[in-house]
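Written below as structure tokens is the structure these notes are about.
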Amino acid sequence: MLKARSSGNAIADRRFAYAMDYKAGGDPLSAAELVMQALDEAPDWAAGWLALGDLNETLGRRGEAIDTYRKALHLDPDDEAGAGARLARLGEIPADGAMTPAHITALFDEYAPRFERSLVDNLSYRGPALLRMALERSGRDGPFERVLDLGCGTGLVAETFRSICRDIVGVDLSAAMLAKARAKQIYRHLEQAEIGDFLLRQDAGSVDLILAADVFIYFGDLDAVFRQAARVLAPGGRFAFTVQSQDGPAAFILNHDLRYAHSRQGIEGWAVAAGLQLRHLDDAWARTDRGAPVPGLVAVLGR
Ligand SMILES: C[S@@+](CC[C@H](N)C(=O)[O-])C[C@H]1O[C@@H](n2cnc3c(N)ncnc32)[C@H](O)[C@@H]1O
């Protein structure tokens with residue numbers, strides 16, 4: 001769970017709680033002052049510095065925001081709180097790799113209890129259904145014997161694919177998300193691991209289908225993942241995934257919402273470099289944000 005929840009100092013926690021009330025009430029200036037008072041009491045509290053950075057950004061104090069995020073990163077080198085992604089968004093460090101495994105784990109351990117309600121009910125999430133449709137359109141809709149679900153989360157993909165897949169293995173960083181997936185009793189095996197590390201441990205040609213729904217929004221450069229997917233897939237295998245999209249010249253960017261967005265050309269380039277054939281690539285939104293569809297792509301690559 002997020003270590004950040006408490007500073008470990010009761011006075012600091014109380015001031016911080018007042019600060020968040022001011023922030024919610026639309027007064028970021030008073031909120032920032034109260035967070036600074038909290039940090040006087042608990043100067044080593046990384047999440048407090050991160051919150052001050054966010055308030056500084058809201059107040060248009062770019063320089064102060066950068067300093068406070070750097071302070072948070074210094075105090076929390078694994079970056080559970082997410083200072084690196086914010087520094088990358090401000091152009092201070094490279095975007096690739098700015099989202100650390102520690103941050104993603106903390107984010108989803110925290111989010112797990114309300115993930116499905118929030119994503120499916122409130123944000124009209126349809127990533128798994130998009131993958132099934134795209135596979136159908138690519139000319140191969142199963143059955144699939146050996147399947148990997150990358151970033152499986154609570155198991156929504158396996159629920160959608162169970163009727164056409166025999167043996168599904170899920171991998172995810174977050175223990176709390178994996179616990180929800182385990183309760184569904186669909187996966188043969190679930191593993192808490194980072195996707196890149198996990199793929200490296202899989203045998204060559206050992207898998208018929210790789211799925212990744214709404215996961216590459218936490219990856220910038222996809223070159224290594226595509227190469228590993230190509231190695232792990234058996235001949236004739238498929239690799240289906242969704243991304244958030246952008247039309248700029250870069251293969252990927254870190255969006256303001258702290259999610260990566262990829263371009264068509266980027267996906268095509270990584271596919272060619274990995275020796276995978278493009279079977280399907282289409283515009284498709286996987287979820288909404290404040291009522292509007294978030295631009296995305298759904299892709300199926302073949303080996
Ligand atoms: C938005 S959720 C999507 C979950 C699921 N695929 C679905 O469609 O419902 C993203 C999931 O990917 C996991 N994740 C993100 N980056 C990861 C990485 N590098 N390695 C393993 N899991 C990762 C997160 O922990 C989270 O559970």
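Order of appearance sets the numbers: ligands from 1, and atoms from 1 within every ligand.
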contact_flag [X] ligand 1 heavy-atom lt 4.0 Å:
{"X": "Gly127", "answer": "no"}
{"X": "Phe198", "answer": "no"}
{"X": "Ala193", "answer": "yes"}

Protein contact to [atom] [nearest heavy atom, distance to 0.1 Å]:
{"atom": "atom 9 (O) of ligand 1", "value": "Leu156 CD1, 3.4 Å"}
{"atom": "atom 27 (O) of ligand 1", "value": "Asp172 OD2, 2.7 Å"}
{"atom": "atom 5 (C) of ligand 1", "value": "Gly151 O, 3.3 Å"}
{"atom": "atom 1 (C) of ligand 1", "value": "Asp214 O, 3.4 Å"}
{"atom": "atom 19 (N) of ligand 1", "value": "Glu194 OE2, 2.8 Å"}
{"atom": "atom 18 (C) of ligand 1", "value": "Leu173 CD1, 3.6 Å"}
{"atom": "atom 15 (C) of ligand 1", "value": "Ile104 CG2, 3.5 Å"}
{"atom": "atom 20 (N) of ligand 1", "value": "Ile195 N, 3.0 Å"}

Looking just at side-chain N and O atoms, do [X] and [Y] make a donor-acceptor pair shorter than 3.5 Å?
{"X": "Ser163", "Y": "Arg132", "answer": "yes"}
{"X": "Asp27", "Y": "Ser30", "answer": "yes"}
{"X": "Asp149", "Y": "Tyr187", "answer": "yes"}

I'd like to know if the side chain of Arg146 reaches the main chain of Asp208, judged simply by a donor and an acceptor atom lying under 3.5 Å from each other, with no hydrogens or angles considered.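 No.
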N or O pair under 3.5 Å between Tyr125 and ligand 1: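 There is such a contact, yes.
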Can you find an N or O of Ala213 that's nearer than 3.5 Å to an N or O of ligand 1?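 Yes: some nitrogen or oxygen of Ala213 is under 3.5 Å from one in ligand 1.
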Please state which part of Cys152 comes within less than 4.0 Å of ligand 1, counting heavy atoms only: side chain, backbone, both or neither.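 It is the backbone that touches ligand 1; the side chain stays farther off.
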Taking everything shown except Tyr18 itself, do over 12 heavy atoms lie less than 6.0 Å from its OH?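 No, OH of Tyr18 has 12 or fewer neighbouring heavy atoms, counting only those of other groups under 6.0 Å.
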Should the heavy atoms of other residues, nucleotides or ligands under 6.0 Å from CG of Asp121 be counted, would the total exceed 12?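 Buried by this count: over 12 neighbours within 6.0 Å.
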Are the aromatic ring centres of Phe252 and Phe219 under 6.0 angstrom apart?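 Not under 6.0 Å, so no.
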Take Asp76 and Leu50 through the test side chain to side chain contact (heavy atoms under 4.5 Å, CB included) and record every step on the way to the result. CA-CA 10 Å; Asp76 169 24; Leu50 184 103; over 6 Å; no
Distance under 4.0 Å to a non-hydrogen atom of Met177: what atoms of ligand 1 satisfy this?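 Ligand 1 atoms under the 4.0 Å threshold to Met177: 27 (O).
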Can a salt bridge be assigned to the pair Asp197 and Arg201 using a cut-off of 4.0 Å between side-chain N and carboxylate O?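 Between Arg201 and Asp197 there is no salt bridge, as every charged N stays at least 4.0 Å from the carboxylate O atoms.
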Are the charged groups of Lys180 and Glu116 less than 4.0 angstrom apart, N to O?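 Salt bridge flag = no for Glu116 with Lys180.
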